[in-house]
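What follows is a short report on a single structure.
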Amino acid sequence: MHTIRQHNAFVDNTANLEFVKEQISAAAQRSGRGPDDVSLVAVSKAFKAATIMPILAAGQRVFGENRVQEAVDKWVPLRAKYPEIRLHLIGSLQSNKVSDAMSLFDVIETVDRPKLADAIARLRDRIGYCPDLLVQVNTGEEPQKAGVWPGKADAFIDRCRTEFALPVRGLMCIPPLDEEPSLHFGLLREIALRNNLGSLSMGMSADYEIAIAFGATHVRVGTAIFGRR
Ligand SMILES: *Cc1c(COP(=O)(O)O)cnc(C)c1O
């Protein structure tokens with residue numbers, strides 16, 4: 001007798017998606033905003049196309065990936081079928097991957113150093129196109145983590161705008177695992193306000209409702225939709 005094997009690829013996570021969308025709506029309403037004021041970035045990193053397909057079929061169109069090559073392999077074919085997909089790069093970007101990243105992603109959330117800003121600007125000048133950009137802020141000042149430190153954020157944002165003429169739309173942060181996230185969300189919002197930036201990408205599976213209360217315009221949710229990686 002053959003054993004019946006469970007294929008993870010056929011797990012349907014659309015109920016999770018609907019639940020997360022309801023929570024987002026409710027949290028947005030509680031803070032006096034509409035459900036469309038908060039965009040759900042479904043983080044599909046480490047999941048295969050077969051797992052993503054039901055989520056696409058359920059209408060989700062905004063996705064986040066943290067590795068350029070993985071994203072290219074996975075999303076070029078999926079985009080042929082769903083051209084209106086919007087992809088966010090949420091992992092750190094090496095200067096030598098800028099070209100691949102700019103031809104795939106609609107938003108790069110992880111701009112955090114002059115060398116990278118310069119590489120993006122040079123390519124933009126050459127191809128005449130630039131994705132929307134967010135500056136990643138290392139709100140917890142964690143040495144092992146990417147992102148510009150809070151005390152250097154104003155100067156870096158200014159440099160992106162003036163020296164590189166880059167379309168910086170907002171900020172992104174990943175709070176330290178063991179700290180109260182609201183302190184970090186509040187700090188990110190403060191930096192955005194004083195720099196006139198409208199987009200705030202903050203909040204993940206464990207804390208997206210708190211992030212919305214602090215003004216998140218984008219929440220990046222992986223585990224709560226797709227399950228454990
Ligand atoms: C993986 C990842 C997420 C999603 O985290 P979950 O806890 O699975 O929701 C969000 N943001 C970034 C930058 C990530 O790398």
Side-chain angles (χ1 to χ4, degrees), residues 9-29 33-91 93 97-111 120 123-124 127-134 136 166-172 197-205 208 211-212 216-227 229:
F10 301 119
V11 169
D12 182 341
N13 296 304
T14 54
N16 293 344
L17 175 70
E18 289 317 313
F19 177 76
V20 169
K21 280 163 65 177
E22 279 164 26
Q23 300 298 104
I24 290 173
S25 257
Q29 245 159 30
R33 294 187 291 159
D36 297 337
D37 295 335
V38 182
S39 165
L40 169 61
V41 180
V43 177
S44 48
K45 67 186 186 198
F47 288 99
K48 294 190 160 67
T51 307
I52 301 170
M53 296 280 252
I55 300 296
L56 277 163
Q60 177 66 25
R61 290 294 179 269
V62 185
F63 292 86
E65 290 281 346
N66 68 335
R67 295 202 171 141
V68 176
Q69 194 53 52
E70 177 188 338
V72 169
D73 295 344
K74 210 154 63 180
W75 285 101
V76 168
L78 287 172
R79 199 177 239 164
K81 208 168 160 203
Y82 297 95
E84 71 280 22
I85 279 169
R86 283 182 63 79
L87 295 175
H88 290 229
L89 178 63
I90 60 171
L93 177 56
K97 296 266 175 65
V98 163
S99 175
D100 286 342
M102 279 173 67
S103 45
L104 183 74
F105 289 99
D106 303 284
V107 183
I108 295 175
E109 299 201 8
T110 50
V111 181
I120 293 172
L123 191 61
R124 181 268 324 270
I127 65 179
Y129 160 80
C130 195
D132 285 344
L133 303 176
L134 305 186
Q136 182 176 356
L166 288 174
V168 179
R169 309 279 182 223
L171 305 176
M172 175 272 219
L197 291 167
S199 294
L200 277 177
S201 172
M202 54 191 200
M204 319 199 324
S205 290
Y208 64 91
I212 291 168
T217 59
H218 296 76
V219 291
R220 311 178 307 268
V221 180
T223 309
I225 297 171
F226 294 102
R229 290 178 288 270

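Residues satisfying the side-chain contact (heavy atoms from CB on, under 4.5 Å) criterion with Ser103, sequence neighbours excluded, are absent altogether. Here Arg124 pairs with nothing under the salt bridge (charged side-chain N to carboxylate O under 4.0 Å, His left out) rule; sequence neighbours left out. Annotation: side chain to side chain donor-acceptor pair (under 3.5 Å) contacts of Thr110 (sequence neighbours excluded): none. In this structure Asp37 satisfies the side chain to side chain donor-acceptor pair (under 3.5 Å) test with no other residue, sequence neighbours excluded. Remark: Arg33 pairs with no residue by the side chain to side chain donor-acceptor pair (under 3.5 Å) rule, at least two apart or across chains. Residues satisfying the side-chain contact (heavy atoms from CB on, under 4.5 Å) test with Arg67, not counting sequence neighbours, are Glu70. Residues that satisfy the side-chain contact (heavy atoms from CB on, under 4.5 Å) test with Ser25, not counting sequence neighbours, are Pro35. For Asp100, there are no side chain to side chain donor-acceptor pair (under 3.5 Å) partners, not counting sequence neighbours.
What you find for Gly64 and Val41 is that their closest heavy atoms are N-CG1, 3.5 Å. Considering every non-hydrogen atom in both Met53 and Leu78, the closest pair reads SD-CD2, 3.6 Å. Shown here for Cys130 and Leu166, the closest heavy-atom pair between the two residues is SG-CD2, 4.3 Å. Residue Lys74 comes nearest to Ala46 through the heavy atom pair NZ-N, 3.9 Å, listed as atom of the first residue, atom of the second, then distance. The minimum heavy-atom distance linking Ala216 with Val38 is given by the pair O-CG2, 3.7 Å. Residues Gly222 and Ser205 come closest through the heavy atom pair N-OG, 3.6 Å.
With hydrogens and angles ignored, the 3.5 Å screen pairs a side-chain donor or acceptor of Arg220 with a backbone N or O of Ser201. For the pair Thr217 (side chain) and Leu200 (backbone), a donor-acceptor distance under 3.5 Å is present. Looking only at distances, a side-chain donor or acceptor of Asp106 sits under 3.5 Å from a matching main-chain atom of Leu87. Listed for the Arg169 side chain is no donor-acceptor partner under 3.5 Å among the backbone atoms of Leu197.
Evaluation of the salt bridge (Lys or Arg N to Asp or Glu O under 4.0 Å) test over residues 40-55, restricted to residues two or more places apart or in two chains, returns none. Within the structure, ring-ring contact (aromatic ring centres under 6.0 Å, His included) pairs that include any residue of residues 37-56 comprise Phe47-Phe226 (at least two apart or interchain). Within the structure, every pair that satisfies the ring-ring contact (aromatic ring centres under 6.0 Å, His included) test and touches residues 48-68, not counting sequence neighbours, is listed here: Phe63-Trp75.
In this structure, the side chains of Asp132 and Arg86 come closer than 4.5 Å at one or more pairs of heavy atoms. Contact check for Pro131 versus Val107: no side-chain heavy atoms found under the 4.5 Å cut-off.
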From CA spacing to verdict: side-chain contact (heavy atoms from CB on, under 4.5 Å), Val168, Val111: CA-CA 9 Å; Val168 179; Val111 181; over 6 Å; no

Test side-chain contact (heavy atoms from CB on, under 4.5 Å) on Val68 and Leu104 and set out the steps. CA-CA 8 Å; Val68 176; Leu104 183 74; 6.0 Å; no

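Here the straight-line distance linking atom CG of Leu89 with atom CE of Met102 works out to 12.0 Å at 0.5 Å rounding. Between Leu171 atom CG and Glu109 atom CD the span is 10.5 Å, to the nearest 0.5 Å. Atoms CZ and CD, from Arg79 and Glu84 in turn, are 10.0 Å apart once rounded to the nearest 0.5 Å. In this structure, OG on Ser44 lies 9.5 Å from CD on Gln60, to the nearest 0.5 angstrom. Between the CD1 atom in Ile108 and the CG atom in Leu134 there is a gap of 10.0 Å [rounded to 0.5 Å].
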Listed pairs under 3.5 Å, donor-acceptor, residues 16-23 side chains, sequence neighbours left out:
from	atom 1	to	atom 2	distance (Å)
Asn16	ND2	Ile225	O	2.9
Gln23	NE2	Glu209	OE2	3.3

